Amino acid sequence: MAVALTMSSLYAPTLKEDPSEAEVTSHRLLLRAGMVRKVAAGIYTFLPLAWRSIRKIEQIVREEMDAIGSQELMLPIVQPAELWHESGRWDLYGPELARLQDRNGRYFCLGPTHEEIVTALIRDEVRSYRDLPLSLYQINMKFRDEARPRFGLLRGREFIMKDAYSFHATQASLQEHYDAQAGAYSRICERLGLDYRPVQADSGQIGGEVTTEFMALAESGEAALVYCDCGWAANVEAAETVVPRSPGVTKPQPLVKVHTPGIRTIAELADFLGTSGHDTVKTMAGKTAEGRLVYFCIPGDRELNAIKAEWAVPGVTLLDEDDFAAFGIPKGSLGPVDPPADTLVVADKSLEDEVAWGVGANQNDYHLLGAIPGRDFEVELWADLVLAQPGDACPVCGGTLKGTRGIEVSQVFQLGTRYSEPMGATFTAEDGSEQPLIMGCYGVGITRSLAAVIEQYNDENGIRWPVAVAPLEVAVVPLSVGEDVVYPVAEQIWRELASAGVEVVLDDRDERAGVKFADADLIGWPYQVVVGKKGVAAGVVEVKTRATGERVEVSIEEAAAMVAVMVRAARG
Ligand code: ATP
Ligand code: MG
């Protein structure tokens with residue numbers, strides 16, 4: 001595995017200036033360090049340095065999958081539409097699924113995930129409980145026509161994923177492998193050096209119920225998380241919410257209608273009434289697939305969680321401007337008292353103890369105060385509807401939740417029979433009965449993980465790679481390359497490191513020291529051996545550790561051996 005490269009031959013076109021297109025640190029540094037180039041929105045070429053790191057991440061993932069008995073295979077990227085019709089996802093997936101036709105007009109899609117293909121494979125091959133459990137994985141390109149590709153490799157349209165799929169005869173067997181996958185995912189995060197947290201998540205498009213996301217903690221993360229010191233953590237989208245309420249803020253009172261000219265938002269209303277957002281109840285409107293109007297009532301100071309709204313009322317979508325006009329309802333003054341006939345009123349469970357509500361009067365410029373459920377209006381369904389936020393109570397221990405942000409690097413799901421049932425993937429059970437296979441699926445974003453590592457390991461000068469995923473482990477930097485004593489010493493150390501099995505690059509360019517140092521820190525070689533004229537005269541070189549900035553002088557003779565020891569210790 002010895003790798004000896006030279007900077008003059010390495011294809012790593014570094015940039016001196018920050019590229020304007022970069023929105024987050026990892027994107028900026030990947031471009032500046034000459035690791036990636038954009039081809040189209042969310043589509044990148046991985047240059048040699050990025051590819052070296054990607055291959056290392058893949059290898060870590062591969063070792064952890066092999067260790068839990070998952071077997072590697074390769075599934076096609078282009079998938080026939082028929083299989084997606086069988087699972088129902090051809091219609092469900094929406095515009096994120098890239099569809100194409102072949103020369104005969106037959107429809108295909110580019111795989112955004114591979115449940116259909118792998119279920120079809122197993123359906124035709126696995127017959128008996130004796131063939132189970134079975135776990136398969138691949139490391140392959142995915143394509144999702146994301147609405148907003150952004151943040152470089154964090155949200156691409158074309159990206160590399162490790163996806164595994166498991167098949168079981170019993171739920172207990174699925175649970176066992178799910179736990180093994182989750183364990184492997186924790187180890188992968190640790191080996192990548194990520195500061196991470198497993199969190200409760202929503203199962204989204206893929207379906208199924210039991211799922212955990214692995215979040216790399218980062219300010220730039222798109223996911224908002226809440227966590228408790230007791231160890232519980234969740235994506236706010238999925239977190240069960242315990243909204244702290246101040247009891248006794250309202251007492252039973254008569255229903256009064258107040259003129260509230262020009263008031264459209266809860267904040268304005270609270271201001272106008274001189275109360276906090278707590279006393280006021282915000283109503284958001286949606287409609288069911290059948291077109292029934294739905295009112296969601298939530299505490300005035302909270303946000304509706306669209307995912308929970310959908311859990312409460314399957315198929316519901318929030319109204320757009322045209323819908324408001326069609327239903328003839330005033331967007332800024334909705335409320336549960338006398339809504340249009342047949343409106344389904346759903347209210348957040350935290351409002352159940354609230355005695356009297358301040359609500360919209362379903363009439364522009366009017367609100368109602370003192371509205372009481374059961375007296376002035378009926379709530380058909382009480383449900384958990386709001387986004388969790390820091391300060392809420394922990395649903396497990398009652399402690400106070402804190403907030404942070406994360407990048408979802410991986411996720412594990414229990415799919416159950418979501419795919420096997422519609423696709424007719426069955427097996428003969430021990431008792432002779434024919435049953436649908438019980439499935440799990442498990443995904444690691446390889447290219448997203450690369451970006452997540454950079455989000456956590458950088459400083460103002462560039463990347464600070466953990467050794468396990470650095471493109472190369474050591475750079476030897478001679479400060480001059482002329483006919484003097486410096487270059488031969490550098491070349492000698494470079495050769496010794498390579499033969500010690502270290503991945504090493506020699507900066508053989510005839511550049512100023514400042515340029516070489518800047519590139520070395522930008523690309524972020526974990527160890528840099530600096531060879532200068534004065535040092536050589538004194539018989540020493542300088543070894544710099546990028547992560548800490550620490551520099552030590554080492555004798556020329558011992559340099560390679562010592563750096564090789566440091567590298568081996570840091571590989572993990
Ligand atoms: P997100 O919620 O961020 O869109 P997802 O939940 O849809 O992601 P999964 O279907 O769980 O993604 O895919 C497994 C993994 O693939 C994710 O955990 C993530 O690391 C990676 N991934 C998903 N979408 C992208 C993307 N657009 N760009 C890069 N990696 C992605
Ligand atoms: Mg996911």
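One is the number of the first residue; the rest follow in order along the sequence. Counting convention: from 1, in listed order, for ligands and their atoms alike. Given the structure is predicted, the values throughout are model-derived calculations rather than measurements.
When you scan the N, O or S atoms of Glu408 for the one nearest the Mg ion (ligand 2), you land on OE2.
Partners of Thr45 according to the side chain to side chain donor-acceptor pair (under 3.5 Å) rule, which considers only residues two or more places apart in sequence or in another chain, do not exist here.
In the candidate list Gln411, Arg144, Met161, Arg144 is nearest to atom 10 (O) of ligand 1, counting heavy atoms.
At a heavy-atom cutoff of 4.0 Å, ligand 1 is contacted by no atom of Glu222, backbone or side chain. Both the backbone and the side chain of Glu408 come within contact range of ligand 1, each with a heavy atom under 4.0 Å. Residue Glu146 touches ligand 1 through its side chain alone, judged by heavy-atom distances below 4.0 Å. Using a 4.0 Å cut-off between heavy atoms, Thr447 makes no contact with ligand 1 at all. Contact annotation for Thr113 and ligand 1: no heavy atom of the residue comes within less than 4.0 Å of the ligand.
The salt bridge (charged side-chain N to carboxylate O under 4.0 Å, His left out) analysis of residues 21-33, with sequence neighbours excluded, yields the pairs Asp18-Arg28, Asp18-Arg32.
A cation-pi arrangement is absent between Arg37 and Tyr44, since the terminal nitrogen or guanidinium carbon is not both under 6.0 Å from the aromatic centre and inside a 45° cone about the axis. For the pair Arg99 and Trp84, the cation-pi criterion (under 6.0 Å, within 45° of the ring axis) is not fulfilled.
Atoms of ligand 1 lying under 4.0 Å from any heavy atom of Val409, numbered from 1 in the order shown and given with element: 18 (O), 20 (O). Atoms of ligand 1 found under 4.0 Å from any heavy atom of Ser410 (numbered from 1 in listed order, with element): 18 (O). Interface atoms of ligand 1 facing Leu154, defined by a heavy-atom separation under 4.0 Å, are 28 (N), 29 (C). Within the listing of ligand 1, atoms 26 (C), 27 (N), 28 (N), 29 (C) sit less than 4.0 angstrom from a heavy atom of Gly156. Near Leu153, with a cut-off below 4.0 Å to any heavy atom, the atoms of ligand 1 are 29 (C).
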Dump the intermediate steps for salt bridge (charged side-chain N to carboxylate O under 4.0 Å, His left out) on Glu321 and Lys331, then the final yes or no. CA-CA 9 Å; Glu321 293 299 330; Lys331 192 175 178 183; 2.9 Å; yes
Arg155 and Glu222: side-chain contact (heavy atoms from CB on, under 4.5 Å), yes or no, with the steps? CA-CA 10 Å; Arg155 184 167 297 285; Glu222 288 184 272; 2.9 Å; yes
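Within the structure, the closest approach of Ile407 to ligand 1 does not fall below 4.0 Å when heavy atoms are considered. Ligand 1 has no atom lying under 4.0 Å from any heavy atom of Asp163.
Side chain of Tyr196 to backbone of Val409: no donor-acceptor contact under 3.5 angstrom is found. Listed for the Thr119 side chain is a donor-acceptor partner under 3.5 Å among the backbone atoms of Glu115.
Not one N/O/S atom of Ser410, from backbone or side chain, sits under 2.8 Å from the Mg ion (ligand 2).
Ring to ring, Tyr185 and Phe214 are close: their centroids are under 6.0 angstrom apart.
Relative ring orientation between Trp51 and Phe46 is described as parallel, the plane-to-plane angle staying below 30° on a 0-90° scale split at 30° and 60°.
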